[in-house]
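Counting starts at 1 for both ligands and their atoms, in listed order. These values consider heavy atoms only, across backbone and side chains, with no hydrogens, waters or symmetry-generated copies.
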Amino acid sequence: MSPTVKNWDQEVDVIAVGSGGSGLTAAILAHDNGAKALILERSDKVGGTTAVSGGGLWIPMNHVMAENGIEDSREEALSYCKRLTSGRAEDDMVETFVDTGHKLVRYLADNTEVEFELSGTPDYRAEEEGAKLGGRTLGQQFFEKKQLGEWEDKLRPSPLMFVPLKIDEALKGIANPRSVPVDKIVDRMSKGMVGSGNALIGRLLKSCLDRGIEIKLEARARQLIVEDGRVIGLRVEADGRDVFIRAKGGVVLACAGFEWNEKMRSQFLPGPLSHHCSPPYNEGDGLTMASEVGADLANMSEAWVYPGFCIPGEEHEDLPVSRWVIGERTLPHTIMVNRQGQRFVNEGVNYNDISKALYYFDPNTFDFRNLPCWCILDSQYREKYMLLTVMPRDPDPDWLIKADSLSELAEMVGIDPDGLEATVARWNSLVEQGEDTDFGRGTGGYERWIGDADAPHPNLGPIDKPPYYALQLDAHSAGTKGGPRTNTRGQVLNVRGDVIPGLYAAGNVMAGVSGPGYYGGGGTIGLGMTWGYISGINAAEEAKA
Ligand SMILES: Cc1cc2nc3c(=O)[nH]c(=O)nc-3n(C[C@H](O)[C@H](O)[C@H](O)COP(=O)(O)OP(=O)(O)OC[C@H]3O[C@@H](n4cnc5c(N)ncnc54)[C@H](O)[C@@H]3O)c2cc1C
């Protein structure tokens with residue numbers, strides 16, 4: 001039951017709950033459309049998952065690609081997006097994304113500190129109709145942290161992206177670790193430059209500060225206040241007490257998903273998630289608050305899942321650091337196998353899609369057949385490529401399991417030895433014939449781009465030079481993508497499909513517009529900030545009414 005509030009502690013026009021990319025964008029747009037905006041952030045740092053991310057945005061028909069001579073069209077973008085959304089979001093939502101995302105990019109480029117640059121990343125399913133081999137993913141120019149003044153130390157640091165690298169540099173660096181000279185990186189660091197998600201959030205935060213938008217840290221939104229069916233404010237935990245804040249135009253939920261809420265995970269997700277790379281504050285508060293006022297929830301079984309690994313002993317803020325396993329499954333001289341020692345998927349596909357194979361449920365054993373699974377690689381991989389934090393030819397770390405024979409390796413980690421030997425023999429014969437006729441590895445534009453351009457084949461290479469290595473993979477997540485359903489104006493809908501007046505949602509908190517799919521690098525932040533843009537404008541309009 002929503003409490004009746006007689007004395008408000010504060011009154012504003014629009015509240016953005018959460019200081020990730022979606023929340024900051026909503027606040028900027030609300031402000032620029034005449035509203036008094038307030039940002040609430042439950043942690044003591046700004047930026048959420050967006051700050052620790054690669055900071056890429058996937059936006060079709062953006063002006064940066066056009067300026068670089070890459071053509072795109074509404075028809076192509078719609079055809080591609082609808083295919084990947086697979087009917088799990090309304091067509092008008094997908095159309096709104098395609099029609100609005102490029103306006104967001106233009107707006108931020110023209111009116112804020114945000115400075116986009118082209119990334120060469122191909123769309124994740126580059127073979128689908130309407131896909132592009134690059135241009136829709138936008139990176140962020142480096143940002144000088146000291147521009148934030150006293151807010152500099154409030155920018156959430158990233159456990160993974162702490163070296164100032166562009167998205168392409170980071171991804172291509174797995175195959176070619178010395179592609180960015182060390183002195184270049186040292187120079188960037190000495191100038192206090194941050195890249196990736198820190199650059200994006202740094203630039204958005206600076207834009208908020210320049211506008212005088214208030215940001216309350218350590219302020220956790222807990223309950224929506226409703227009067228006559230309209231959301232009119234929030235109960236917030238701050239300064240050790242309940243604070244009541246009124247929002248004349250609307251509350252924009254931008255407080256991400258529920259990956260850190262064990263109960264919600266087991267209620268909604270199709271399989272286990274052992275670790276997350278988002279900061280540990282996304283506990284589904286937005287879903288709880290929206291459900292309490294009757295919101296319709298959708299896309300709840302979907303999350304941004306990836307095969308991940310935690311290096312023993314590596315911690316950030318007392319939590320294990322979840323590392324994405326990308327090159328280690330995509331480059332030559334490596335495959336992924338399950339307990340039976342069998343391959344089960346094209347290892348090179350994007351992380352979101354490969355996770356569907358991780359969650360394959362075997363009715364015979366009543367168990368997830370491919371969890372855990374292992375990357376199996378050999379000394380040729382170790383000689384050439386990065387393996388998580390380990391440089392080629394550096395000594396093998398203690399945590400990397402190795403053996404002189406495949407059967408010994410299999411015994412050590414609990415894989416069927418005969419299965420593994422047979423699978424590796426089969427893999428080597430496929431490599432020799434130059435084509436993975438079993439799973440199509442190396443056929444996709446994205447995996448070829450991320451592969452080793454200097455190798456005989458960017459993704460195929462034999463596993464035949466001991467020692468052999470095994471890296472156990474589990475399902476990890478960067479966030480969930482189910483939540484309150486919204487309309488094309490960002491307004492949250494109730495279970496009857498009617499608008500809940502005064503309530504908006506943007507980002508991972510809302511029912512994901514891409515359904516089960518992932519359009520391309522930047523597909524989560526691109527969608528989230530687009531709905532931040534839409535919600536900010538519309539909530540500001542409501543405040544004027
Ligand atoms: C290493 C890494 C790399 C990635 N790279 C990319 C990439 O390049 N491109 C891409 O598109 N995606 C990427 N992702 C995923 C992406 O970062 C997230 O999907 C996205 O940032 C989510 O944005 P958001 O605004 O919805 O939420 P967040 O950025 O997580 O922000 C939500 C904020 O809400 C706060 N909050 C939670 N509950 C409350 C409450 N009750 N009251 C107040 N505040 C609250 C949280 O503390 C948090 O600060 C990456 C993720 C990681 C970890």
Geometric N/O contact [X] with ligand 1, under 3.5 angstrom:
X	answer
Gly507	no
Ser22	yes
Arg42	yes
Trp324	no
Gly56	yes
Asp285	yes
Val509	no

Ignoring hydrogens and geometry, is there a side-chain-to-backbone donor-acceptor pair from [X] to [Y] under 3.5 Å?
X	Y	result
Lys481	Gly517	yes
Asn62	Val64	yes
Glu328	Ile326	yes
Arg235	Ile225	no

Closest protein heavy atom (residue, atom, distance) for [atom]:
atom	result
atom 5 (N) of ligand 1	Gly54 N, 2.9 Å
atom 36 (N) of ligand 1	Cys255 CB, 3.7 Å
atom 17 (O) of ligand 1	Ser53 CB, 3.2 Å
atom 35 (C) of ligand 1	Glu41 OE1, 3.4 Å
atom 27 (O) of ligand 1	Ala256 CB, 3.4 Å
atom 11 (O) of ligand 1	Ile525 N, 2.7 Å
atom 30 (O) of ligand 1	Thr49 OG1, 2.6 Å
atom 23 (O) of ligand 1	Thr50 OG1, 3.3 Å

Using every non-hydrogen atom in the two residues, find where [X] and [Y] come nearest and quote the distance to one decimal.
X	Y	value
Leu224	Met289	CD1-O, 3.4 Å
Pro484	Ala505	CG-CB, 4.4 Å
Ser535	Ala506	OG-CB, 4.3 Å
Gly120	Trp449	O-NE1, 3.5 Å
Ser19	Glu41	OG-OE1, 2.8 Å

Exercise for the section: Using non-hydrogen atoms of the residue, decide whether Ala219 is closer than 4.0 angstrom to ligand 1. Expected result: yes

Exercise for the section: Return yes when Trp58 approaches ligand 1 closer than 4.0 angstrom through a heavy atom, no otherwise. Expected result: no

Looking at [X], which atoms of ligand 1 are within less than 4.0 Å of one of its heavy atoms?
X	answer
Leu160	1 (C)
Asn508	18 (C), 19 (O), 22 (C), 26 (O)
Gly523	11 (O)
Gly55	7 (C), 8 (O)
Leu40	43 (C), 44 (N)
Gly18	33 (C), 34 (O), 35 (C), 44 (N)
Gly47	29 (O)
Tyr281	37 (C), 38 (N), 47 (O)

Under 3.5 Å, is there a donor-acceptor pair between the [X] and [Y] side chains?
X	Y	value
Glu259	Ser278	yes
Arg220	Ser43	no
Gln147	Glu152	no
Gln141	Lys166	no

Problem - Identified side-chain hydrogen bond (donor to acceptor under 3.5 Å, both in side chains) partner of Tyr306 from the options Ser322, Ser477, Ser355 - result: Ser322

Problem - Near-ring test Trp304/Tyr124, centroid separation under 6.0 angstrom - result: no

Exercise for the section: Would you please indicate if the ring centroids of Phe309 and Trp399 are separated by under 6.0 Å? Expected result: yes

Problem - The one among Gly522, Ala254, Gly483 that brings a heavy atom closest to atom 32 (C) of ligand 1 - result: Ala254

Fill in the blank from the handout: Closest to atom 19 (O) of ligand 1 (heavy atoms only, candidates Ile201, Leu527, Ile15, Thr524) is Thr524

Fill in the blank from the handout: Within the 4.0 Å heavy-atom cut-off, what Leu57 brings close to ligand 1 is neither

